[in-house]
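Along the sequence shown, the residues carry numbers beginning at 1. Side chains included, hydrogens not; waters and symmetry mates left out as well; all remaining heavy atoms used.
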Amino acid sequence: QVQVVESGGGLVQPGGSLRLSCAASGNIFSIVHMAWFRQAPGKDRELVARVLWSVGSTGSTDYADSVKGRFTISRGDAENTVYLQMNSLKPEDTAVYYCNIHGYLTRFETVDSWGQGTQVTVSS
């Protein structure tokens with residue numbers, strides 16, 4: 001099994017910033033990506049940002065159009081960690097944010113694990 005733990009959520013005013021952290025642990029043979037998703041009340045879960053894993057390089061990143069220029073996903077110094085720097089936050093960013101890791105437990109078996117989620121509320 002792979003465990004995923006998020007932290008860093010909270011209440012901020014519009015225009016403020018938060019930094020979310022995610023750490024994955026457990027048996028995993030290789031990582032395909034780590035990503036951040038979010039789910040607002042009454043809405044489907046959506047991809048916010050992801051980074052394709054590459055030990056030897058920065059890796060390719062993708063962002064939702066709604067967060068481009070404001071959010072930055074990055075790999076941490078510790079193995080199997082990612083951060084999401086969230087700047088210029090808007091009320092519509094309010095959601096539960098989930099960290100996701102996708103990879104392989106073995107050569108043939110994939111794994112897709114999620115954290116419990118961390119609440120981000122943007123309100124004046």
Measure the spacing between [atom1] of [X] and [atom2] of [Y] and express it to the nearest 0.5 Å.
X     : Y      : atom1 : atom2 : answer
Thr72 : Tyr63  : OG1   : OH    : 4.5 Å
Phe71 : Thr61  : CZ    : OG1   : 14.5 Å
Gln3  : Asn27  : CD    : CG    : 9.0 Å
Ile28 : Thr110 : CD1   : OG1   : 10.0 Å
Ile31 : Asn80  : CD1   : CG    : 3.5 Å

(Q) I'd like to know whether Trp36 forms a side-chain contact (heavy atoms from CB on, under 4.5 Å) with Arg50, so could you lay out the CA-CA distance, the side-chain angles of the two residues, the decisive distance to 0.1 Å, and finally the verdict. (A) CA-CA 6 Å; Trp36 289 97; Arg50 66 181 171 188; over 6 Å; no
Q: Give a yes or no answer on whether the side chain of Glu6 reaches the backbone of Cys22 with a donor-acceptor pair at less than 3.5 Å.
A: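 A pair under 3.5 Å: no.
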Q) Hey, is the main chain of Gln13 close enough, under 3.5 Å, to the side chain of Ser124 for a donor-acceptor pair? A)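 Here the side-chain-to-backbone pair does not exist.
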Checking [X] now: which residues fulfil side chain to side chain contact (heavy atoms under 4.5 Å, CB included) with it, not counting sequence neighbours?
X      : result
Ser30  : Tyr104
Asp112 : Asn100, His102, Trp114
Ser17  : Gln85, Asn87
Lys43  : Ala40

Q) Is Tyr97 close to Leu84 at the side-chain level, that is, under 4.5 Å between some pair of heavy atoms? A)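 In short, these two side chains touch, coming nearer than 4.5 Å.
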Q: Measure the shortest side-chain to side-chain distance between Pro91 and Pro14 over non-hydrogen atoms and say whether it is less than 4.5 angstrom.
A: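 Of all side-chain heavy-atom pairs linking Pro14 with Pro91, at least one is under 4.5 Å.
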(Q) Under the criterion side-chain contact (heavy atoms from CB on, under 4.5 Å), I'd like the reasoning laid out for Ile73 against Met34: C-alpha separation, chi angles, the key distance, then a yes or no. (A) CA-CA 9 Å; Ile73 188 171; Met34 292 186 74; 5.8 Å; no
Q) Asp44: what forms a side-chain hydrogen bond (donor to acceptor under 3.5 Å, both in side chains) with it, not counting sequence neighbours? A)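 Residues passing side-chain hydrogen bond (donor to acceptor under 3.5 Å, both in side chains) with Asp44: none at all.
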Identify whether [X] and [Y] are in the same connected component of the hydrophobic contact network (ILVMFWY, side-chain heavy atoms under 4.5 Å).
X     : Y     : result
Tyr98 : Val48 : no
Val51 : Phe37 : no
Trp53 : Val32 : no

(Q) Per the salt bridge (Lys or Arg N to Asp or Glu O under 4.0 Å) rule, what does the pair list look like for residues 15-41, sequence neighbours excluded? (A)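 Pairs touching residues 15-41 that pass the test: Arg38-Glu46, Arg38-Asp93.
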Q) In this structure, which one of Ser21, Ser74, Cys99 forms a side chain to side chain contact (heavy atoms under 4.5 Å, CB included) with Val82? A)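 Going through the options one by one, the only one that passes is Cys99.
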**Q.** For Leu18 against Leu89, the heavy-atom pair lying closest together
**A.**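 That closest heavy-atom pairing would be N-CD1, 3.9 Å.
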